[in-house]
Amino acid sequence: MMEKERTRKRQRLGWDGVPAESRNLRLRQAMPTSTEDARGRNASPPWRDDDRDGHYVFNLGENLTPRYKILSKMGEGTFGRVLECWDRQAHKYVAIKIVRSVRKYRDAAKTEVNVLQHLAKTAREDTHCVQMLDWFDYRNHICIVFEKLGPSLFDFLKRNKYMPFPVDLVREFGHQLLESVSYMHDIKLVHTDLKPENILLETSDHVKVPSCRRASSDGMQTRYLPKSSAIKLIDFGSTVYDDQIHTSTVSTRHYRAPEIILGIGWTYPCDLWSIGCILVELCTGEALFQTHENLEHLAMMEKVLGPLPQHMIKRATKGSENFFKNSRLNWPGGATSRESIRAVKKLDCLKDLISPHVESSSVASSLVDLLGGLLRYDPAERFTASQALEHHFFKDRI
């Protein structure tokens, strides 16, 4: 998982898709022409060494096996790259995840393939998980072929300059996300890396509407809203079966549950904590816990949610017990900088963070109550996905 401070400069994953006026042109470019030589059209490119980080080196327009033609790069991450390709056999656009030729990433990719195959075998209507169409090992790179989807919720927020989503959309996203996680937990899987970057809209279609913010100097501000609220959950490279041996640290920092930081063991509830953090971010436009250090992270939790329970503090592992003094969080005494102290101080309680972004006081109260259940310190008391789905916040869904 990423331990560095979260950057806001991320690669876009397919935002805006293909402009309408160029779609036909690109389709013609992807399709074979009668004048092309069949052997040349389907030939593999010459062998190239990977780059210094183990990424597959490619040129646009080349083939990735005779079946797939590379059209564009959609995104890049620590795992590898995602390319938009034309599937000559199925006659459609696909997204292919090309994993770095590094053992740990290849192992994670094999895990992801196994999980995706399990999900496909047990799929039900409320799965909301990305569909794997194919996978293959090409020049020591595991390549996973997916249905082509739209941008991630993080990319959508970024495109909107971090203006939050309307609460009705937050409700729709939250319900689908909880359905997908409830399904995964039912089949004994823990995702462990839920975050807005791993939740994709099904399409890139969107509308431009006036913003509720003040007009800028050059005219009224606008914002984008997705035409459809349908989402799919992606990235199962860190997913584990609950009966497997669990590593000590999982989840991307901002969405990491307190039991992971304290080293007291984790299981299904860590996914629900992550969902709580995600819903706050979608509602406010900003990550709830913008930190990269354990003690500061715990101090932020206490500022938003109140003191950590004594029974969890007492169970803290040897490494994390240094965060406490006289059974209380050693803050601000243990802070590493004044900037860190200021970052914690500027946070508010959960209710005051949410209320300014929701016009209806009753809806705000309902959402805060749901978030309070998802962000309970004690994982044994935290809402399960099934319990959260029954919460009255979702009763007003359209």
Side-chain angles (χ1 to χ4, degrees), residues 1-8 154 157 162 164 170 192-197 248-264 266 269-313 315-317 319-357 367-379 381-383:
M1 294 303 102
M2 293 173 59
E3 278 295 337
K4 295 180 180 178
E5 185 172 3
R6 186 180 188 213
T7 176
R8 286 297 185 184
F154 175 82
L157 278 173
Y162 304 104
V170 174
T192 80
D193 197 21
L194 297 172
K195 54 185 176 181
E197 291 91 330
S248 59
T249 302
V250 291
S251 303
T252 298
R253 160 64 69 184
H254 297 65
Y255 311 94
R256 188 173 295 160
E259 62 267 26
I260 300 171
I261 298 172
L262 296 175
I264 59 178
W266 56 268
C270 75
D271 280 345
L272 280 303
W273 178 277
S274 298
I275 292 176
C277 296
I278 291 167
L279 295 184
V280 172
E281 186 168 349
L282 299 181
C283 186
T284 65
E286 292 292 334
L288 176 56
F289 301 119
Q290 296 192 45
T291 179
H292 59 277
E293 192 271 325
N294 281 330
L295 180 58
E296 181 184 88
H297 198 165
L298 293 171
M300 286 182 165
M301 289 180 184
E302 289 206 334
K303 187 69 189 298
V304 175
L305 303 166
L308 284 154
Q310 284 296 309
H311 73 274
M312 292 181 70
I313 293 174
R315 291 171 55 207
T317 58
S320 58
E321 66 186 11
N322 296 327
F323 304 146
F324 304 96
K325 186 175 182 179
N326 299 323
S327 297
R328 297 189 64 177
L329 196 67
N330 184 22
W331 189 267
T336 57
S337 67
R338 291 182 180 179
E339 181 184 2
S340 182
I341 295 172
R342 286 194 296 268
V344 173
K345 191 174 182 179
K346 74 176 185 180
L347 283 172
D348 230 325
C349 70
L350 185 62
K351 178 181 178 182
D352 291 341
L353 286 173
I354 296 298
S355 296
H357 299 279
L367 176 55
V368 169
D369 188 72
L370 169 67
L371 294 171
L374 294 170
L375 295 173
R376 286 176 184 160
Y377 286 124
D378 189 339
E381 297 178 0
R382 202 172 299 155
F383 281 171

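Contact annotation: the side chain of L272 never approaches that of R376 to less than 4.5 Å [non-hydrogen atoms, C-beta and beyond]. Contact annotation: the side chain of N322 never approaches that of N330 to less than 4.5 Å [non-hydrogen atoms, C-beta and beyond]. N294 has its side chain within reach of R253: a pair of non-hydrogen atoms, C-beta onward, lies under 4.5 Å apart. Contact annotation: the side chain of E197 never approaches that of T252 to less than 4.5 Å [non-hydrogen atoms, C-beta and beyond].
Atoms SG and CG, on C270 and L194 in that order, are 8.0 Å from each other to the nearest 0.5 Å. Note that the CG atom of L295 and the CZ atom of F324 stand 8.5 Å from one another [nearest 0.5 Å]. The CE atom of M301 sits 4.0 Å away from atom CD1 of I261, with the distance rounded to the nearest 0.5 Å. Rounded to the nearest 0.5 angstrom, H292 NE2 and H254 NE2 are separated by 9.5 Å. Between atom CD1 of residue I264 and atom OG of residue S248 there is a gap of 13.5 Å, rounded to the nearest 0.5 Å.
Of all non-hydrogen atoms in G276 and L371, the two that sit nearest each other are O-CD2, 3.6 Å. Looking at every heavy atom in both residues, S327 comes nearest to Q310 through O-NE2, 2.8 Å. Minimum interatomic distance between L305 and L375 (heavy atoms only, all atoms of both residues): CD1-O, 3.6 Å. Across L308 and P258, no two heavy atoms sit closer than the pair CD2-CB, 4.5 Å. Nearest heavy atom pair, residue V250 against residue R256, reads O-NE, 3.0 Å. When all heavy atoms are compared, the tightest approach of Y377 to G306 is OH-O, 2.5 Å.
Under a 3.5 Å cut-off, the side chain of E286 and the backbone N or O of Y162 do not form any donor-acceptor pair. Between the side chain of D193 and the backbone N or O of S251, no donor-acceptor pair lies under 3.5 Å. Side chain of T291 to main chain of E293: a donor-acceptor pair is present (N/O by atom type, distance under 3.5 Å, no hydrogens or angles).
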> Taking it one step at a time, do I354 and C283 satisfy side-chain contact (heavy atoms from CB on, under 4.5 Å)?
Replying inline: CA-CA 7 Å; I354 296 298; C283 186; 4.3 Å; yes

>> Would I313 and L329 count as a side-chain contact (heavy atoms from CB on, under 4.5 Å) here? Give the steps.
In response: CA-CA 9 Å; I313 293 174; L329 196 67; over 6 Å; no

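The salt bridge (charged side-chain N to carboxylate O under 4.0 Å, His left out) test applied to R382 returns E259, not counting sequence neighbours.
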Contacts table for residues 331-353: side-chain donor-acceptor under 3.5 angstrom, sequence neighbours left out:
| unit_1 | atom_1 | unit_2 | atom_2 | d |
| --- | --- | --- | --- | --- |
| S337 | OG | S340 | N | 3.1 |
| S340 | OG | E296 | OE2 | 2.4 |

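Using cut-offs of 30° and 60° for the angle between ring planes, the W273 and F289 rings count as parallel.
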